[in-house]
Amino acid sequence: MSNADELLRIEGIRKTFPGVVALDGVDFDLRRGEVHVLLGENGAGKSTLIKMLSGAHRPDAGRILAGGEEVRIHGAQDAERLGIATIYQEFNLVPDLTVAENIFLGRQPRRFGMIDRKRMDADAAALLERVGVNVSPRARVRELGIARLQMVEIAKALSLDARVLIMDEPTAVLTSEEVEKLFVIVRRLREDGVGIVFITHHLEEIAALGDRVTVIRDGKSVGQVPASTSEDELVRLMVGRSIEQQYPRERADRGAALLSVEGLTRDGVFHDVGFEVHAGEVVGIAGLVGAGRTEVVRAVFGADPYDRGTVRVEGAKLPRHDVNAAMAAGIGLVPEDRKGQGLVLGQSVEENLGLVTMRAATRGGLVDLGGQREAAARIAGQLGVRMAGLHQQVRTLSGGNQQKVVIGKWLLADTRVLILDEPTRGIDVGAKVEIYQLINELTAAGAAVLMISSDLPEVLGMSDRVLVMAQGRIAGELSADRATQDAVMSLAVSTPSTETEQEAPRGR
Ligand SMILES: Nc1ncnc2c1ncn2[C@@H]1O[C@H](COP(=O)(O)OP(=O)(O)OP(=O)(O)O)[C@@H](O)[C@H]1O
Ligand SMILES: [Mg+2]
């Protein structure tokens, strides 16, 4: 390799936050035309490291070199000047602006001093086509689902013509089909000589896309290996031990139906959805993004209304669109969008963990603060939440650790029916197993678990039964022994029968 191929070099970077040493001497380098994967557990320091390159944070010590010269990256403009574009783990788009406005924010094409909307929309359309996403440049970002938001972020980075593209868990929110599309784009960029820093918790993506891997553990770079390294070895480097069983589902005794959903319909969104989840059972819901899975569980939980149908918990009918009634009946929902719906970012880990129990407790007129702290400490320990202490603001936890807090919150509440929407998105391989163990404990204690996941091996590995949704309907149900990737996928892309439509009242 000639020196001319080196785009970036990081030497001995350190960064501390109050109470936390986030980076404790990290070395890293990036070449032209490579995908360099950053691998590490939740809280290892991956996002902090890339924030040094995007200008969001400044290092306390250490050097950054670009093309062999030491540089200071003190803000987004420095990064842009050096040709570094970053797609963050938590989205960075402005909800009320259009897709095109977001892509060209601060750089809108102008004509006679005015923003040239026509050109901006056309340029955005071309970029979106390059990404392969079917979204209008004029759509408001607030109207887009999480997968499309990601694609818009990528289009935005492409528009910057970056020499270095940093992607922090871009695939966490994508389905396998969308991941394939993303890989095509990334490979094309690599061929063009772009250097790509790629963070992922999906180990199988490393061999598929990567060239080199730098492993970070506890803020230190502990090794640099080729992307062809075996998954077992990668796990060992990353967590310091091997993982015996990735999906340790332990079947529990199946009891009575705890959750019964019948004929649930929200016009134009989902139709005639019916299923039961029994005590002791884990029921998975598979399907493509946009199949209506999140919409159904939000309606079941009372977060959104529905037009027809019933939701029963242990036989008792729940009023529609009433979260408090659902919670009082023992339903809990871990939402897919943790930042928007799951957490109060400005509050501490302890306060967030107590959010649900607190509500229950104060309703009874009694708050057992000591007991609550003890319970919070226990669950945080079990999930391995990496934090300075229970007092740490959730905002400053790493992405995966925020997700652990959302899950922990509902595990602490006394839920009989726990609904998990993409529970392990952004969770490292070791912590995933801890979450699966907790799911086992819940079902062993007689709870019912309904789990949406786009991670097929996870759905197949942890569910006792799999429901597959397509186009707002249940396209089929598979028992654990019949649920294979192929069986699920062929249902997920099917067009479910629409006969029942005739029964729907007219005039809507
Ligand atoms: N602004 C901040 N204030 C305090 N601590 C912080 C701040 N930002 C990050 N940290 C801490 O630094 C450590 C590293 O976090 P970072 O976000 O880099 O982890 P990560 O490797 O990206 O993890 P994940 O896989 O969960 O995204 C964590 O302990 C985190 O809580
Ligand atoms: Mg991160």
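Counting starts at 1 for both ligands and their atoms, in listed order.
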Do other residues, nucleotides or ligands put more than 12 heavy atoms under 6.0 Å from the [atom1] atom of [X]?
| X | atom1 | value |
| --- | --- | --- |
| Glu70 | CD | yes |
| Arg386 | CZ | yes |
| Arg107 | CZ | yes |

Query raised in the report: Would you say Arg386 and ligand 1 have an N/O pair spaced under 3.5 Å apart?
Result: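 No, there is no polar N/O contact under 3.5 Å.
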
Query raised in the report: Can an N or O of Gly400 be found at a distance shorter than 3.5 Å from an N or O of ligand 1?
Result: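 Between Gly400 and ligand 1 (N or O atoms, distance only) the closest approach is under 3.5 Å.
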
Indicate, as side chain, backbone, both or neither, the part of [X] found under 4.0 angstrom from ligand 1 when only non-hydrogen atoms are considered.
| X | value |
| --- | --- |
| Glu169 | side chain |
| Val20 | side chain |
| His201 | side chain |

Query raised in the report: Excluding sequence neighbours, so at least two apart, what forms side chain to side chain donor-acceptor pair (under 3.5 Å) with Lys404?
Result: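 In terms of side chain to side chain donor-acceptor pair (under 3.5 Å), with neighbours along the sequence ignored, Lys404 is linked to Asn401.
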
Would you say [X] touches ligand 1, if touching means a heavy atom closer than 4.0 Å?
| X | value |
| --- | --- |
| Gly40 | no |
| Gln403 | no |
| Met387 | no |
| Leu397 | yes |

Ligand-side contact atoms (ligand 1) for residue partner [X], heavy atom cut-off under 4.0 Å:
| X | answer |
| --- | --- |
| Ala44 | 19 (O), 21 (O) |
| Ala22 | 12 (O), 13 (C) |
| Gln392 | 5 (N), 31 (O) |

**Report entry** Val186 side chain near Val35 side chain, heavy-atom distance below 4.5 Å
**Finding:**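 A side-chain contact under 4.5 Å exists here.
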
Query - Carboxylate-amine/guanidinium proximity below 4.0 Å for Asp464 and Arg251 - result: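 Yes, charged N to carboxylate O under 4.0 Å.
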
Query raised in the report: Looking at Glu34 and Arg212, does any basic side-chain N land under 4.0 Å from a carboxylate oxygen?
Result: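 So Glu34 pairs with Arg212 through a salt bridge.
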
Report task. Could you check which of Ala388, Ser47, Gly426, Gly43 puts a non-hydrogen atom nearest to atom 23 (O) of ligand 1? Result ->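 Comparing heavy atoms across Ala388, Ser47, Gly426, Gly43, the nearest one to atom 23 (O) of ligand 1 lies in Gly43.
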
Query raised in the report: Atom CG in Leu128, atom CD1 in Ile103: separation rounded to 0.5 Å?
Result: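 So the CG of Leu128 and the CD1 of Ile103 are separated by 4.5 Å.
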
**Report entry** Gap separating the CG atom of Leu53 from the CD1 atom of Ile10, nearest 0.5 angstrom
**Finding:**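 Those atoms lie 4.0 Å apart.
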
Query raised in the report: Can you tell me if Thr48 has an N, O or S atom under 2.8 Å away from the Mg ion (ligand 2)?
Result: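 Looking at Thr48, which is the residue asked about, there is no N, O or S atom under 2.8 Å from the Mg ion (ligand 2).
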
